[in-house]
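Reading through the structure tokens given below for one structure.
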Amino acid sequence: MMSFDEKRKHKRYDVENITGYLTFSLDVKVLNMSLDGMAVESSRMLSINKDYTVRVSHKDEVLNLTGKVVWSTL
């Protein structure tokens, strides 16, 4: 069986010290990201096929990123 990493169109890069929160004020930790996706860790289950906006901040930069959850585990 092929892993998710092998199916990705763009390589994911591990990141450190980047945090964000979803629009319903759930803190998340960004584990890795690429041009078309990211992995986040949260204390709540995220709904598959639901769109979420993640506000990501690093130093003085802030990005609002919107994406759809493809898979989720608790």
Query - Derivation and outcome, side-chain contact (heavy atoms from CB on, under 4.5 Å), residues Arg55 and Leu63 - result: CA-CA 6 Å; Arg55 184 178 177 95; Leu63 294 173; over 6 Å; no
Query raised in the report: Can you check side-chain contact (heavy atoms from CB on, under 4.5 Å) on Val40 and Lys29, steps first, answer last?
Result: CA-CA 5 Å; Val40 299; Lys29 178 180 176 185; over 6 Å; no
Report task. Check the pair Ile18, Val56 against side-chain contact (heavy atoms from CB on, under 4.5 Å), reporting the backbone distance first and the verdict last. Result -> CA-CA 7 Å; Ile18 297 179; Val56 177; 3.5 Å; yes
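Taking every heavy atom of both residues into account, Asn17 and His58 meet most closely at O-ND1, 3.6 Å. Residues Val62 and Ser57 come closest through the heavy atom pair CG2-CB, 4.1 Å.
Residues passing the side-chain contact (heavy atoms from CB on, under 4.5 Å) test with Ser47 are Lys50, Tyr52, sequence neighbours excluded. In terms of the side chain to side chain donor-acceptor pair (under 3.5 Å) criterion, Asn49 has no residue partners (sequence neighbours excluded).
Glu41 places none of its side-chain heavy atoms less than 4.5 Å from the side chain of Val28.
Separation of atoms NZ (Lys11) and OG (Ser34) is listed at 10.5 Å; rounding is to 0.5 Å. Rounding to the nearest 0.5 Å gives a distance of 7.5 Å between CG of Asp51 and OG1 of Thr66.
Residues Leu46 and Leu31 fall into different hydrophobic clusters, defined by Ile, Leu, Val, Met, Phe, Trp and Tyr side chains chained together at heavy-atom separations under 4.5 Å. Under the 4.5 Å side-chain heavy-atom criterion for grouping Ile, Leu, Val, Met, Phe, Trp and Tyr, Leu35 is not connected to Met33 through any hydrophobic cluster.
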